Amino acid sequence: MDHVPPMLAVLEVPVVKNQQDPVPRCGTTPTFCLVLIGFQKRRCPINCSCQPASALSPADRQRIGRRKMPIVRNMSRAVRQLLQNPGCGCAIPVIPARCIGISPRQVASDASFHSVSFSNSDHPRVLITGGLGQLGVGLAKLLRKRFGKNNVILSDIRKPADNVFYSGPFIYADILDYKNLREIVVNNRITWLFHYSALLSAVGEANVPLARAVNITGLHNVLDIAAEHNLRLFVPSTIGAFGPTSPRNPTPDLCIQRPRTIYGVSKVHAELMGEYYHYRYGLDFRCLRYPGIISADSQPGGGTTDYAVQIFHDAIKTGKFQCYLKPDTRLPMMYIDDCLKATLEVMEAPAEALSMRTYNISAMSFTPEELVQEVQKHVPELQLTYKVDETRQAIADSWPMNFDDRNARRDWGWKHDYDLPELVTTMFSFLGSDSRIARVN
Ligand SMILES: NC(=O)C1=CN([C@@H]2O[C@H](COP(=O)(O)OP(=O)(O)OC[C@H]3O[C@@H](n4cnc5c(N)ncnc54)[C@H](O)[C@@H]3O)[C@@H](O)[C@H]2O)C=CC1
Ligand SMILES: CC(=O)[C@H](N)C(=O)O
């Protein structure tokens, strides 16, 4: 399915014909208008009388339910006609045609074509993809506190630990399975989607075909489903979306982005596709470029910044740490609580506040040497060695050293809470450094 251009990928769609149509139409086919109204909850631009399915006569509704016809030809024609010469004289954003395939398994013949709508006081219904990685469980915890346990569904292709499984709804979701993902969104009336599934920088370089599939094909599936169902969509990007030709100190929101990893390439692609769907189809796409994220209760999934998490575990467990980056390699970093706070804040920001759809966020920036100095204030006996891993060193050398996040701070009030000393103290109090020091003494 993914290799079919979205415009040609629909297999079937309801068709309503009315031979002696006395009412004004907007210059496209009734089918098309119906789809626009039904799936995007938009009014026809000229306010013509094309009807949403729920307002059709019983006879028409029956026809919609029974009829199945290949519409590649009809839809392409309608789309072409609309783009070239919209009847009402204005440009109309249309959703990509793959979005409007209707599976008989999912839509009853007499179902309303309107998406479920929520009043402002309703909580969003949230799906998190790739939720069992370093960041997803913490995000679910934060969102469940805010929106209620049962309104936040965690999903992944891995088996959850008992404590995760029993802490709230969990579901299997492979983002490469388009139909299954769509079914989950429909059946659970999802309104917000946090798309966390990805292969990170180091594991991505080790398996480029898989990284390409998960990070690019998976993203296409998510984008189409989000556009089809009017979801608010969050996709994280990264400092890895920049490359050696980007300004590195500091790196602004808008500058050259020529990353040299499949991870970075896929994230630039995600930023651009999300913004394209926003401007073209009205998708409520929101994206933050995260620095390297440091957390105590979850392990990183194979990135270049992982050393800054591992050092805490090794300091406590063995009192020794071997670093795979050179001592003076400076990278932007952030404590997980700040990262998740920013994610929720940008999702809750009023659309008018967002002058952009992809923002840098920043908290601190340090080198392994500086981190070690801070760690040694808590574990003075820590023994350090360096064994440089060429792949990860080359990646780190191409990434930003400092992130300029002025736009996030101005537009939606982003402000970090944790600097380096605060981060290190928090990590050790979480991991219980006292036990290590007690053992050493
Ligand atoms: N952790 C960090 O330092 C940073 C993370 N990010 C982004 O934040 C997001 C979450 O990151 P982490 O939790 O650290 O990643 P992670 O690597 O720890 O977790 C990713 C999850 O995706 C899942 N996954 C893989 N293939 C899948 C598939 N086909 N269908 C569904 N799920 C699949 C994996 O099972 C894994 O649980 C990612 O998009 C990442 O690029 C961005 C910058 C920094
Ligand atoms: C900064 C990231 O995106 C991630 N932690 C990685 O190192 O790949």
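Bear in mind the structure is a predicted one, so any value in this text is a computation, not a measurement. Whatever order the structure lists them in is the order used to number ligands and atoms, beginning at 1.
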Could you check whether any heavy atom of [X] sits closer than 4.0 Å to an atom of ligand 1, since that is the contact criterion I want to use?
| X | answer |
| --- | --- |
| Pro291 | yes |
| Gly218 | no |
| Ser237 | yes |

Which bit of [X] is near ligand 1, meaning a heavy atom under 4.0 Å away: side chain, backbone, both or neither?
| X | result |
| --- | --- |
| Ser298 | neither |
| Arg158 | side chain |
| Arg289 | neither |

Quiz item: Is Gln257 reaching over with its side chain to a backbone N or O of Ser246, donor-acceptor style, under 3.5 angstrom?
Solution: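 Not confirmed, Gln257 side chain does not pair with Ser246 backbone.
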
> Salt-bridged, Arg289 to Glu271, with N to O below 4.0 Å?
Replying inline: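 A salt bridge is present here (some side-chain N lies under 4.0 Å from a carboxylate O).
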
Taking the basic N atoms (NZ, or NE/NH1/NH2) and the acidic carboxylate oxygens, is any pair closer than 4.0 Å for Lys341 and Asp337?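 No.
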
May I ask you to check if ligand 1 and [X] share an N or O to N or O distance below 3.5 Å?
| X | result |
| --- | --- |
| Leu135 | yes |
| Ile293 | yes |
| Tyr263 | yes |
| Asp174 | yes |
| Thr238 | no |
| Pro236 | no |

Pick one of side chain, backbone, both or neither for how Tyr263 approaches ligand 2, counting any non-hydrogen atom pair under 4.0 Å.
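Under 4.0 Å from ligand 2, Tyr263 contributes side-chain atoms alone.
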
Nearest candidate to [atom], where distance is taken over non-hydrogen atoms, out of [options]:
| atom | options | value |
| --- | --- | --- |
| atom 9 (C) of ligand 1 | Tyr290, Phe234, Tyr196 | Tyr196 |
| atom 26 (N) of ligand 1 | Ile157, Thr129, Val203 | Ile157 |
| atom 17 (O) of ligand 1 | Gly301, Gly138, Ala241, Pro332 | Gly301 |
| atom 16 (P) of ligand 1 | Gly133, Gly131, Ser295, Gly130 | Gly133 |

For [atom], what's the nearest protein heavy atom and its distance?
| atom | answer |
| --- | --- |
| atom 7 (O) of ligand 2 | Thr304 N, 2.6 Å |
| atom 1 (C) of ligand 2 | Thr238 OG1, 3.6 Å |
| atom 8 (O) of ligand 2 | Ser201 OG, 2.5 Å |

So for ligand 2, is Thr305 a polar contact partner (N or O within less than 3.5 Å, distance only)?
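N/O-N/O distance below 3.5 Å exists for this pair.
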
Practice task
Could you tell me whether some N/O pair between Asp306 and ligand 2 is separated by less than 3.5 angstrom?
Solution key: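 Between Asp306 and ligand 2 (N or O atoms, distance only) the closest approach is not under 3.5 Å.
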
Query raised in the report: At the 4.0 Å heavy-atom cut-off, does Trp399 count as touching ligand 2?
Result: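 For ligand 2, residue contact (heavy atoms, under 4.0 Å) with Trp399 is present.
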
